[in-house]
Chemist: 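Mind looking over this structure? Questions follow.
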Amino acid sequence: MKKYNFTLLKQLCSIHAPSGNESEMTKFILNYVDRESNKWLQKPTVYSGGDFMDAVILVFGKPELAVFAHIDSVGFTVGYNNRLIRIGGPKLETGLRLRGHDSKGKVEGVLKVDKETGDLAIDADRIIDRGTDLTFVMDFRETESHIQSCSIDNRLGVWVALQLAESIRDGALVFSTYEEHGGGSAAYLAGFLYQKYNLTRSVICDITWVTEGVHAGKGVALSVRDSGIPRKSYLKWIENKLASGGVNYQIDVESAGGSDGNELQKSPYPFDWCFLGAPEENVHSPEEKVHKDDISAMVNAYKVLLMT
């Protein structure tokens with residue numbers, strides 16, 4: 001197992017960027033590219049701002065494959081009198097610590113879940129501005145075998161994409177938005193890539209779940225289906241690539257859930273897609289946990305797909 005420095009991943013996990021408020025992540029990625037790309041095999045063409053909104057696309061050489069990694073996380077929106085509305089599907093448990101920022105400054109508090117009604121609120125020392133978004137407080141931990149933090153989904157996918165950027169000759173890295181709350185950018189980003197570069201192949205660089213059939217430490221998960229169904233012949237092409245590259249992977253089959261792949265499947269563009277990502281425990285909580293062997297397998301998988 002290759003040993004990686006996860007300082008960058010910790011930085012990514014610390015950034016407040018729930019669905020709909022991804023601008024800080026966008027700034028971080030653009031600054032990172034500006035600072036680091038001189039050290040890469042080649043500098044990418046960067047697409048951002050304007051019609052791209054908070055999304056970013058990096059294009060290297062003559063791309064034949066696009067890697068989609070969403071930059072948002074789950075969270076909460078403050079409603080009236082400190083009541084909360086979910087952003088995506090965060091873990092709901094009384095006592096979880098939340099953070100944010102409003103017109104009066106820093107916001108901190110504790111999630112309260114009414115056992116009878118299911119209503120959500122934040123226990124804070126003042127009334128928070130309506131519309132303020134909140135995320136879990138980060139407690140980043142690294143052991144010999146695991147990484148654990150909030151927002152591993154999908155800051156780990158972003159981290160993997162940035163690792164790949166160092167040595168890509170031909171390919172596109174797509175940093176999309178809104179994925180946790182129903183998608184919203186993957187389809188129009190795919191449209192841009194199809195129209196400008198005639199791209200029709202993609203892989204979704206995201207995080208999936210540890211389940212009865214997908215186990216921590218057993219390799220990156222290749223999803224045969226979730227709520228969306230990728231094209232079988234394309235899956236076979238991916239599988240053959242992974243097998244020939246010696247990648248440690250496991251097959252994931254689910255009846256629910258989704259990703260940017262669902263947006264691509266529903267788009268009017270002929271885009272093939274599949275989901276390929278490390279499985280995690282404690283999904284959408286402050287305690288998201290991923291095995292380092294699966295992180296290594298995930299990086300290796302994408303290198304095989306992009307570098308061969």
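Just so you know, these numbers use all the heavy atoms, side chains as well, and skip hydrogens, waters and symmetry mates. For this chain, numbers begin at 1 and follow the sequence in order.
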Chemist: Are Trp40 and Val174 connected in a single hydrophobic cluster, I mean Ile/Leu/Val/Met/Phe/Trp/Tyr linked by side-chain heavy atoms less than 4.5 Å apart?
Modeler: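 They do not share one cluster, since no chain of ILVMFWY contacts under 4.5 Å joins Val174 to Trp40.
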
Chemist: Is there a chain of hydrophobic side chains (I, L, V, M, F, W, Y, each step under 4.5 Å between heavy atoms) that links Met138 to Leu111?
Modeler: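 In one cluster with Met138: Leu111, no.
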
Chemist: Please list, chain by chain and in numerical order, all residues satisfying side chain to side chain contact (heavy atoms under 4.5 Å, CB included) with Ser267, sequence neighbours excluded.
Modeler: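 Only Ala187, Tyr269 meet the side chain to side chain contact (heavy atoms under 4.5 Å, CB included) criterion with Ser267.
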
Chemist: Go through the steps to decide whether Ile122 and Leu134 satisfy the test side-chain contact (heavy atoms from CB on, under 4.5 Å), and finish with yes or no.
Modeler: CA-CA 10 Å; Ile122 180 171; Leu134 307 173; 3.7 Å; yes

Chemist: Does Leu12 form a side-chain contact (heavy atoms from CB on, under 4.5 Å) with Tyr32? I'd like the steps, not just the answer.
Modeler: CA-CA 11 Å; Leu12 291 168; Tyr32 182 86; over 6 Å; no

Chemist: Look at atom CG of Asp114 and say whether more than 12 heavy atoms of other residues, nucleotides or ligands are closer to it than 6.0 Å.
Modeler: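 Buried by this count: over 12 neighbours within 6.0 Å.
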
Chemist: Please check: side-chain N/O of Glu24 versus main-chain N/O of Ile15, any donor-acceptor pairing under 3.5 Å?
Modeler: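 Between the backbone of Ile15 and the side chain of Glu24 there is no qualifying donor-acceptor contact (under 3.5 Å).
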
Chemist: As a quick check of understanding, evaluate ring-ring contact (aromatic ring centres under 6.0 Å, His included) for Trp273 and Phe68, giving each step before the final call.
Modeler: CA-CA 10 Å; Trp273 65 277; Phe68 282 75; over 10 Å; no

Chemist: Identify the heavy atoms of Lys104 and Asp129 that sit nearest to each other, and give their distance.
Modeler: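 Where Lys104 meets Asp129 most closely, the heavy atoms are NZ-OD1, 2.8 Å.
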
Chemist: For a 4.5 angstrom cut-off between non-hydrogen side-chain atoms, does Leu189 reach Ser176?
Modeler: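 Yes, close enough: below the 4.5 Å cut-off.
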
Chemist: Under a 3.5 Å distance rule, please check whether Asp72 uses its side chain to pair with a backbone N or O of Pro18 as donor and acceptor.
Modeler: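 Side chain of Asp72 to backbone of Pro18, a donor-acceptor pair under 3.5 Å: no, none is there.
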
Chemist: For a quick check under 3.5 Å, do Ser23 and Asp54 share a side-chain donor-acceptor pair by atom type?
Modeler: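 Per modelled atom types, Ser23 and Asp54 side chains form no pair under 3.5 Å.
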
Chemist: Would you call Leu276 and Met298 a side-chain contact if the rule is heavy atoms closer than 4.5 Å?
Modeler: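 Result no, sub-4.5 Å side-chain heavy-atom pair not found.
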
Chemist: Counting heavy atoms not belonging to Arg141, are there more than 12 under 6.0 Å from its CZ?
Modeler: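 Yes, enclosed.
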
Chemist: Side chain to side chain donor-acceptor pair (under 3.5 Å), that's the test. Do Asp153 and Ser73 meet it? Break it down for me.
Modeler: CA-CA 7 Å; Asp153 178 6; Ser73 73; over 6 Å; no

Chemist: How would you list, by chain and number, every residue that makes a salt bridge (charged side-chain N to carboxylate O under 4.0 Å, His left out) with Lys43, sequence neighbours excluded?
Modeler: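 Once residues adjacent in sequence are excluded, Lys43 has no partner under the salt bridge (charged side-chain N to carboxylate O under 4.0 Å, His left out) criterion.
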
Chemist: Ignoring hydrogens and geometry, is there a side-chain-to-backbone donor-acceptor pair from Lys292 to Gly217 under 3.5 Å?
Modeler: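 A pair under 3.5 Å: no.
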
Chemist: Donor-acceptor pair, distance only, cut-off 3.5 Å: does the side chain of Asn300 make one with the backbone of Ser296?
Modeler: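 Yes, Asn300 side chain to Ser296 backbone: donor-acceptor pair under 3.5 Å.
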
Chemist: Run the side-chain contact (heavy atoms from CB on, under 4.5 Å) test on Ile204 and Cys274 for me, step by step, so that the C-alpha distance in whole Å, both residues' side-chain angles and the decisive distance to 0.1 Å come before the verdict.
Modeler: CA-CA 6 Å; Ile204 311 305; Cys274 74; over 6 Å; no

Chemist: Any chain of hydrophobic side-chain contacts (each under 4.5 Å) joining Phe52 to Leu30?
Modeler: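 Unlinked, Phe52 and Leu30 end up in two clusters.
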
Chemist: How far apart are the closest heavy atoms of Ser285 and Lys91, and which atoms are they?
Modeler: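 So the minimum-distance heavy-atom pair works out to CB-CD, 3.5 Å.
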
Chemist: So, Glu280 and His291: side-chain donor and acceptor under 3.5 Å apart, yes or no?
Modeler: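 No.
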
Chemist: Please give me the minimum heavy-atom distance between Gly219 and Ala297, naming the atom from each residue.
Modeler: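 Closest heavy-atom pair between Gly219 and Ala297: CA-CB, 4.1 Å.
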
Chemist: Can Ser149 and Asp139 be counted as having a side-chain donor-acceptor contact under 3.5 angstrom?
Modeler: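 Checked: Ser149/Asp139 side chains show no N/O donor-acceptor pair below 3.5 Å.
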
Chemist: List in chain and number order the residues that pass side chain to side chain contact (heavy atoms under 4.5 Å, CB included) with Ser223, two or more places apart in sequence or in another chain; answer none if no residue qualifies.
Modeler: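 If we apply the side chain to side chain contact (heavy atoms under 4.5 Å, CB included) test to Ser223, skipping adjacent residues, the hits are Asp226, Asp252, Phe275.
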
Chemist: Flag yes if more than 12 heavy atoms outside Trp237 fall under 6.0 Å of its CH2 atom; otherwise flag no.
Modeler: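 Yes, CH2 of Trp237 has more than 12 neighbouring heavy atoms, counting only those of other groups under 6.0 Å.
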
Chemist: Are His284 and Glu180 side-chain neighbours, meaning at least one heavy-atom pair lies under 4.5 Å?
Modeler: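 When only atoms from C-beta onward are counted, Glu180 and His284 do touch, with a gap below 4.5 Å.
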
Chemist: Between Asp206 (side chain) and Gly157 (backbone), is there a donor-acceptor pair under 3.5 Å?
Modeler: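 Flag not set: sc Asp206 to bb Gly157 has no pair under 3.5 Å.
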
Chemist: For Val56, is there any backbone N or O sitting under 3.5 Å from a side-chain donor or acceptor partner on Ser48?
Modeler: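 Not confirmed, Ser48 side chain does not pair with Val56 backbone.
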
Chemist: Can you name the closest pair of heavy atoms from Ser19 and His181 and give their distance?
Modeler: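 Nearest pair, atom of Ser19 first, then His181: OG-N, 3.6 Å.
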
Chemist: Near Tyr194 OH, under 6.0 Å, is it more than 12 heavy atoms from other residues, nucleotides or ligands?
Modeler: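 Atom OH in Tyr194 is not packed in, count stays at 12 or less.
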
Chemist: Look only at the side chain of Asn31 and the backbone of Lys27, and say whether a donor-acceptor pair between them is shorter than 3.5 Å.
Modeler: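 Checked: pair present.
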
Chemist: Using the side chain to side chain contact (heavy atoms under 4.5 Å, CB included) definition, which of the options Val247, Val203, Val220 pairs with Tyr302?
Modeler: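 Testing Tyr302 for a side chain to side chain contact (heavy atoms under 4.5 Å, CB included) against Val247, Val203, Val220 leaves exactly one candidate, Val203.
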
Chemist: Applying the side chain to side chain contact (heavy atoms under 4.5 Å, CB included) test to Phe76, which of Thr132, Leu120, Ile85 qualifies?
Modeler: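 Of the listed options, the one satisfying the test is Leu120.
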
Chemist: Any chain of hydrophobic side-chain contacts (each under 4.5 Å) joining Trp159 to Ile57?
Modeler: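 As far as the 4.5 Å side-chain criterion goes, Ile57 and Trp159 are not connected within one cluster.
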
Chemist: Are Val107 and Leu96 joined in one hydrophobic group, where the rule is that I, L, V, M, F, W and Y side chains link up if heavy atoms are under 4.5 Å apart?
Modeler: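 Cluster IDs for Val107 and Leu96 match.
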
Chemist: Treating Gln250 as the side-chain partner and His215 as the backbone partner, does any N or O pair qualify as donor plus acceptor under 3.5 Å?
Modeler: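 Yes; judged by distance alone, with no hydrogens or angles, the pair exists.
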
Chemist: Is Arg126 salt-bridged to Asp102, cutoff N-O under 4.0 Å?
Modeler: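 Answer for the salt bridge query: yes.
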
Chemist: State, with a plain yes or no, whether a side-chain heavy atom of Asn282 is found less than 4.5 Å away from one of Val210.
Modeler: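 When only atoms from C-beta onward are counted, Val210 and Asn282 do not touch, as no gap falls below 4.5 Å.
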
Chemist: Work out which heavy atom in Glu281 is nearest to a heavy atom in Ala216; give both atom names and the distance.
Modeler: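 For Glu281 versus Ala216, the nearest heavy atoms are OE2-CB, 4.2 Å.
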
Chemist: More than 12 foreign heavy atoms under 6.0 Å from CD of Glu64: is that the case here?
Modeler: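 No, CD of Glu64 has 12 or fewer neighbouring heavy atoms, counting only those of other groups under 6.0 Å.
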
Chemist: For side-chain contact (heavy atoms from CB on, under 4.5 Å), just list the numbers for Phe140 and Gln148, CA-CA rounded to whole Å, side-chain angles, deciding distance to a tenth of an Å, and then say yes or no.
Modeler: CA-CA 6 Å; Phe140 191 95; Gln148 191 161 16; over 6 Å; no

Chemist: What's the verdict on salt bridge (charged side-chain N to carboxylate O under 4.0 Å, His left out) for Lys289 and Glu287, showing C-alpha distance, side-chain angles and the deciding distance?
Modeler: CA-CA 6 Å; Lys289 184 178 179 182; Glu287 306 292 332; over 6 Å; no

Chemist: Indicate whether any N or O donor in one side chain lies under 3.5 Å from an N or O acceptor in the other, for Ser185 and Thr177.
Modeler: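 Short answer, yes.
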
Chemist: Are the aromatic ring centres of Phe192 and Tyr47 under 6.0 angstrom apart?
Modeler: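 Yes, close enough.
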
Chemist: Check whether more than 12 heavy atoms from other residues, nucleotides or ligands sit under 6.0 Å from atom CZ of Arg86, and answer yes or no.
Modeler: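 It does not: Arg86 CZ has 12 such atoms or fewer within range.
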
Chemist: Heavy-atom count check: over 12 atoms from other residues, nucleotides or ligands less than 6.0 Å from Met53 CE?
Modeler: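 Counting neighbours around CE of Met53, 12 or fewer heavy atoms of other residues, nucleotides or ligands fall under 6.0 Å, so no.
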
Chemist: Which heavy atom of Leu9 sits nearest a heavy atom of Ile147, and at what distance?
Modeler: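 Minimum heavy-atom separation between Leu9 and Ile147: CD2-CG2, 3.9 Å.
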
Chemist: Tell me whether the count of non-hydrogen atoms from other residues, nucleotides or ligands lying under 6.0 Å of CZ in Arg97 goes above 12.
Modeler: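 No, the 6.0 Å shell around CZ holds no more than 12 heavy atoms from other groups.
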
Chemist: Can Asp272 and Arg231 be said to form a salt bridge (charged side-chain N to carboxylate O under 4.0 Å, His left out), step by step?
Modeler: CA-CA 7 Å; Asp272 270 318; Arg231 196 161 63 106; 2.5 Å; yes

Chemist: Flag the pair Lys241 and Glu239 as a salt bridge only when some basic side-chain nitrogen lies within less than 4.0 angstrom of an acidic carboxylate oxygen.
Modeler: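 Not counted as a salt bridge, because no side-chain N and carboxylate O are separated by less than 4.0 Å.
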
Chemist: Considering the options Glu22, Glu263, Arg155, Glu179, which one meets the side-chain hydrogen bond (donor to acceptor under 3.5 Å, both in side chains) requirement together with His70?
Modeler: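 Among Glu22, Glu263, Arg155, Glu179, the one meeting side-chain hydrogen bond (donor to acceptor under 3.5 Å, both in side chains) with His70 is Glu179.
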
Chemist: Any donor-acceptor pair under 3.5 Å linking the side chain of Asn262 with the backbone of Gly258?
Modeler: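 Not confirmed, Asn262 side chain does not pair with Gly258 backbone.
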
